Amino acid sequence: MSATVPVPHVLVIFGASGDLARRKLFPALFSLHRQHLLPLPFVMLGVGRTPFTDEQFRDEMRACLSRFVPVRADEHPQERLCFVQCFSYLTLSTGNGADYGRLAERLRDIQTRRNLPANVVFYLSTPPALSRHIPGYLAENGLHDEADGFKRLIIEKPFGHDGASARELHDTLRRRFADHQIFRIDHYLGKETVQNLVVLRFANVLFDAVWDYRYVDAVEITASESLGVENRAGYFDGIGIVRDMIQNHLLHVLAMTAMDPPQQFDAACVHAETLKVLRGLRPLTRDEMARDVVFGQYTASRIGGETVAAYADEPGVAPGSRTETYAAIKLFINHSRWHNVPFYVRAGKRLPTRVTEVVLHFKRSPHPVFGAVPGALPNKLVMRIQPDEGVLMTFGMKEPGAGFQVKNVNMNFHYKDLAATAIPDAYERLLLDCMNGDATLYASGDAVEACWAFIDPILRHHAQSGRLFEYPAGTWGPAEAEALLARDGRAWRYPCKALSDDGAICEL
Ligand code: BG6
């Protein structure tokens, strides 16, 4: 399937002067522009409370591109100039419904002047409290009505704080917009290597054939970040890593790893299969919550000769905060394919390195032809989502010479070895897909609710009686997380060799 150029429409970005828009959305749009994948003409209307004229906004965007997008050798000097000319801006009090008539008017004006159909994509890059109200204000001004052209709404996580608030949010959206108009972005689904999970399985009989309980012993999913909470304590404190990373990103990665083959790769089929996995997450019993869930919080430490503050001392963190910066969960899926296969999921901030990967640990050969061969380990398939994106397979080979000594060797594929292929940013793929009306790589409302149904009891248990273990910043989390696997005779994969002064040496 090659990329399709979307039909003409106006892209409206709420929160256009915010951090996400600057760091992710505009660079992604610029990359699409360079690949000639934006509609012609391309028209982007930034909306926000910060007062800008069109010209001031374009200057801002030029500066933002210089900051976040390095000039490439094949880039023509006119390209950025020409790109930002597609932008205009409307200063709007986004929290005030009475102001939205001006947005409708501005859109009509643009459509008439540019001879455009009334197709609009609205991107809500705004804080959650505001994102709840914007769809209603749009609808009150007829900006949800598809009689004269499509109207699509992209919304950013968090989709609620728990199951009840997620349902409330979905009900609010569904009162105004139909399901096919709502695009819930989970940027992990847009990551090239997450999509490759599906290709690896379903385009290669070799892998697909062994992707179940008969051959897989356990699955590990890790999202480790070396950064701490940085300047985001205002958002993160009280939210925690489970809501921030596991409830959404990692459970969706899990669903892509565990799902049955969809009949075809479209939104309806992929959503149906991933939903089957997410609804099949076996609720943890109270005992399991006490035994198979580990929450941690980082303490002060020295990394590379520098003192790193404890989470509790980060600016903006409430005194005595019990917010978890690390979590590991052992879970099972009620699905015949995954009968009794444990999935170990962990995420954490201030760990030794930044890495996200899925590891399939295979079973040992059922019949040991060579007896108990020293050094022989079961096969392992590592799908590295980031960084150094790629796939690693380990298997045993005979050591040359007499007898049958087995040595474990690696077969390694690095995306970077694909000549002239730059891995596109997730936002690039997701923006383009929404412009083309394709929601396959977006989260469905049902999937979001299924994730909450699994996570809610864990969070409740933690709030009432869960323990919070400490781990020094720069380590792999609390010792209790080791014990979680050690009890089952397993160990986490440590995807990084060792800490060095300038961070971690990461090897696939
Ligand atoms: C965001 C979380 O959704 O994902 C952040 O809010 C986290 O806390 C980020 O750092 C990780 O994304 P990526 O693409 O850098 O792995």
Side-chain angles (χ1 to χ4, degrees), residues 15 18-25 27-28 31 68 123-128 131 154-161 166 183-197 221-254 256 296-298 311 314 316-317 321 323-327 345-358 383-390 415 422-431 441-443 447-448 451-452 455 473 477 495-496 503-504 506:
D19 203 47
L20 177 77
R22 285 170 193 267
R23 281 175 191 277
K24 294 289 182 185
L25 305 184
S31 174
F68 295 115
Y123 196 119
L124 275 45
S125 174
T126 42
S131 302
I154 305 184
I155 56 168
E156 277 281 343
K157 81 172 195 37
F159 309 122
H161 188 75
F183 290 72
R184 294 172 190 82
I185 211 163
D186 182 311
H187 77 281
Y188 266 58
L189 290 178
K191 287 185 190 278
E192 194 67 23
T193 34
V194 172
Q195 296 161 51
N196 195 41
L197 277 173
I221 300 181
T222 294
S224 139
E225 292 180 85
S226 49
L227 291 180
V229 71
E230 306 301 296
N231 55 357
R232 294 173 72 225
Y235 153 78
F236 189 86
D237 198 41
I239 295 275
I241 202 80
V242 172
R243 286 189 177 92
D244 187 44
M245 290 293 294
I246 297 185
Q247 184 275 338
N248 35 62
H249 303 325
L250 293 198
L251 289 187
H252 272 94
V253 170
L254 178 143
M256 294 288 256
Q297 193 184 82
Y298 61 82
Y311 174 76
E314 301 269 21
V317 171
S321 167
T323 299
E324 81 287 355
T325 57
Y326 175 96
V345 179
R346 64 176 165 168
K349 295 214 181 263
R350 277 274 186 247
L351 302 189
T353 189
R354 173 174 180 259
V355 66
T356 305
E357 59 181 30
V358 177
M383 287 150 290
R384 171 67 70 78
I385 289 167
Q386 61 188 18
D388 188 12
E389 293 80 356
Y415 260 84
I423 297 188
D425 185 78
Y427 281 90
E428 205 175 308
R429 169 70 193 241
L430 292 170
L431 276 165
L441 298 175
Y442 281 81
V448 170
C451 293
W452 280 123
I455 291 293
C496 113
C506 208

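Keep in mind the model is a prediction, meaning the values are calculated, not measured. Counting starts at 1 for both ligands and their atoms, in listed order.
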The one among K24, E225, H187 that brings a heavy atom closest to atom 7 (C) of ligand 1: E225
Check: Q386 N/O within less than 3.5 Å of ligand 1 N/O: yes
Suppose we measure from atom 1 (C) of ligand 1 to each protein heavy atom; which comes out shortest, and what is that distance? H249 NE2, 3.7 Å
Nearest heavy-atom neighbours spanning R384 and T193: O-CG2, 3.6 Å
Just checking, any donor-acceptor pair under 3.5 angstrom between side chains of T222 and E357? no
Report the part of Y188 in contact with ligand 1, treating N, CA, C, O as backbone and CB onward as side chain, heavy atoms under 4.0 Å; options are side chain, backbone, both, neither. side chain
Is the backbone N or O of R243 less than 3.5 Å from a side-chain atom of N248, with the two atoms forming a donor-acceptor pair by type? yes
Matching residue for E225 among R354, K349, R350 - test: side-chain hydrogen bond (donor to acceptor under 3.5 Å, both in side chains): K349
Atom 2 (C) of ligand 1 sits nearest the protein heavy atom D244 OD1, 3.2 Å
Looking at G190, is its backbone amide N or carbonyl O close enough to the side chain of Q195 to form a donor-acceptor pair, meaning the two atoms are under 3.5 Å apart? yes
For the residue pair Y298 and E314, establish whether any side-chain heavy-atom pair is separated by less than 4.5 Å. yes
Please write down residue, atom name and distance for the protein heavy atom closest to atom 9 (C) of ligand 1. M245 SD, 4.2 Å
May I ask you to identify the nearest protein heavy atom to atom 15 (O) of ligand 1, giving residue, atom name and distance to one decimal place in Å? R354 NH2, 3.3 Å
Atoms of ligand 1 less than 4.0 Å from K191 heavy atoms? 13 (P), 14 (O), 16 (O)
